[in-house]
Structures are given as structure tokens and as C-alpha cells.
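The basis for the numbers below is simple: all heavy atoms, side chains too, and nothing from hydrogens, waters or symmetry mates. Throughout, numbering of the chain's residues begins at 1 and tracks the sequence.
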Amino acid sequence: NRITSKTVDKDLPTSVSDLAFIGFGLSSAFTLIEFVNQLDYEFIHSQSKTFNSKLDILVFEQDPCLWGGISYGPRSGFNSLLITPLDEFLPEYELAHFVSWMNDNVNWLLIPFKENLGIHSKTWLSTFEEALAFGSTEKSHIPRYFFGLYLLDRLQLALANTELDIDLRFINSE
């Protein structure tokens, strides 16, 4: 795990950082992923290679869970579903990637959901498993934490594939 293996500090750094995010929810995660991808693209395609490829990025998160923020992490509960179906929640260009990722990871994704089953959760699970079998999950209302984990995975992938030297540190503090 490329991110959680990084040191999570409780103290403020003494050096100057290039960028800091307050909270690690949906907006921060998407922004950081896009930032890394765009900077990497610019660095790779730069003719002069004169700009510094070393970046120091801080993410302040008060919760010890480093993914999903309140809405898409475990704080909202493992049985909380998106209020809209996937095809309305995600733009088309992101939907196919997410559905593919979800299908590849569904076995371990469902473990926390199954550990917290109630009457309505059992009904959802049987409906979801049927949609999964028929490859029609785009109309599903999925557990919110699925998307938080997807964003964490996308960030890890962006960091693993970058040409840049990025020191990403999480500060577990308000």
C-alpha cells in the first residue's frame, strides 16, 4: 500500500512544503490525483526539464482514516449507500473506470458491508449481486466507502506512476 506505508505524523513539519490540503475527502483526493497527473505530464513533456521535480505535499486529516473523508470513508458507516445510482453519480469518463475497478475488487470490498448486515442491507446485497452477475451495476446505489477506496487506489496509482519525486505526508491533526 503506497500511501498508508508513508509515515503519518501527528506533529507539524518544521520545513516549508510546496502544497497542503486540509482534509482528505472527495475534493482533496480528486484535486491531488489531477495535480500529480498534470504535473507529471508537464514534467515528462518539458523540453528543458528545468523545473524542480521534487514536491513536498502535506495532507491534514483529523481522522486517523486516511481515505474518503466523512462521506466516503468508514465514518459514514459501511452500509450507507450513494443517494444516486452510479450512472448519475459519476461522469461517463469516470464511470467505466470505476465499474471496472469495483468488479475487480468486489470480493474484498463487500467484507465490511457483510459484517454489518441488517434487513435492508441483505435486500440490497442480493439485488447488487444479481446486477453484478449480469454486468449491470451502473444503475446500482453502492456503499459510499467503495468510492472512497477507489479514490485512494487512484491516488496510489498516480504516485506510483509519476516521474516526479513526491513526498506525500499525512498529518493526523486538526
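A heavy-atom distance below 4.5 Å is found between the side chains of L151 and I33. Residues L159 and L164 form no side-chain contact, since every pair of their non-hydrogen atoms from C-beta on lies 4.5 Å or further apart. Proximity of F30 to L155: side-chain heavy atoms (C-beta onward) are nowhere separated by under 4.5 Å. In this structure, the side chains of F147 and L90 come closer than 4.5 Å at one or more pairs of heavy atoms.
With sequence neighbours left out, Y145 forms a side-chain hydrogen bond (donor to acceptor under 3.5 Å, both in side chains) with no residue at all. Legend: residues meeting side-chain hydrogen bond (donor to acceptor under 3.5 Å, both in side chains) with T162, ordered by chain and number and at least two apart, are D40. Remark: S121 pairs with N79 by the side-chain hydrogen bond (donor to acceptor under 3.5 Å, both in side chains) rule, at least two apart or across chains. Scanning for side chain to side chain contact (heavy atoms under 4.5 Å, CB included) contacts around K122 gives L117, with sequence neighbours left out. For H141, the side chain to side chain contact (heavy atoms under 4.5 Å, CB included) partners at least two apart in sequence or on another chain are L81, P85. Every side chain to side chain contact (heavy atoms under 4.5 Å, CB included) that T31 has, sequence neighbours left out, goes to F21. Scored by the side chain to side chain contact (heavy atoms under 4.5 Å, CB included) test, F134 finds E130, S136 as partners (sequence neighbours excluded). Partners of E115 according to the side-chain hydrogen bond (donor to acceptor under 3.5 Å, both in side chains) rule, which considers only residues two or more places apart in sequence or in another chain, do not exist here. Residues passing the ring pair (Phe, Tyr, Trp, His ring centres under 6.0 Å) test with F113, sequence neighbours excluded: W124. In terms of the ring pair (Phe, Tyr, Trp, His ring centres under 6.0 Å) criterion, residue partners of Y41 (sequence neighbours excluded) are, by chain and number, H45.
One distance of note links CD of E42 with CD of E163; it measures 14.0 Å at 0.5 Å rounding. Here the straight-line distance linking atom OG1 of T84 with atom CZ of F89 works out to 6.5 Å at 0.5 Å rounding. The structure places CE of M102 at 7.5 Å from CD of E138, a figure rounded to the nearest 0.5 Å. For the atom pair CG (L110) and CZ (F78), the distance works out to 12.0 Å, reported to the nearest 0.5 Å. Here the CZ-CG distance, from R154 to L157, works out to 8.5 Å after rounding to the nearest 0.5 Å. The structure places CG of L39 at 7.5 Å from CD1 of I166, a figure rounded to the nearest 0.5 Å.
By the criterion of side-chain heavy atoms lying less than 4.5 angstrom apart, applied directly or through intervening Ile, Leu, Val, Met, Phe, Trp or Tyr residues, I111 is grouped together with Y150 in one hydrophobic cluster.
Under the 3.5 Å distance criterion, the side-chain polar atoms of S126 are matched with a main-chain donor or acceptor of T123. At distances below 3.5 Å, not a single donor-acceptor pair connects side-chain atoms of D56 with backbone N or O atoms of D18. Checking side-chain atoms of D153 against main-chain N and O of L149 turns up no donor-acceptor pair under 3.5 Å. Side chain of T137 to backbone of L132: no donor-acceptor contact under 3.5 angstrom is found.
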Show the atom names and distances, to 0.1 Å, of all donor-acceptor pairs under 3.5 Å that link a side chain in residues 58-65 to residues at least two apart or in another chain.
from : atom 1 : to  : atom 2 : distance (Å)
E61  : OE1    : F24 : N      : 2.8
E61  : OE2    : D63 : N      : 3.1
E61  : OE2    : R75 : NH2    : 3.3
D63  : OD2    : C65 : N      : 2.9

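G23 and S28 get closest at one heavy-atom pair: O-OG, 2.9 Å. Scanning both residues, V36 and A158, for their nearest heavy atoms gives CG1-O, 3.8 Å. Contact record, I142 with F146: CD1-CB, 3.6 Å, taken as the closest heavy-atom pair.
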Dump the intermediate steps for side chain to side chain contact (heavy atoms under 4.5 Å, CB included) on I57 and R169, then the final yes or no. CA-CA 6 Å; I57 301 173; R169 291 181 291 154; over 6 Å; no
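Contacts classified as salt bridge (charged side-chain N to carboxylate O under 4.0 Å, His left out) and involving residues 82-91 (residues at least two apart or in different chains) are given here: D87-K139.
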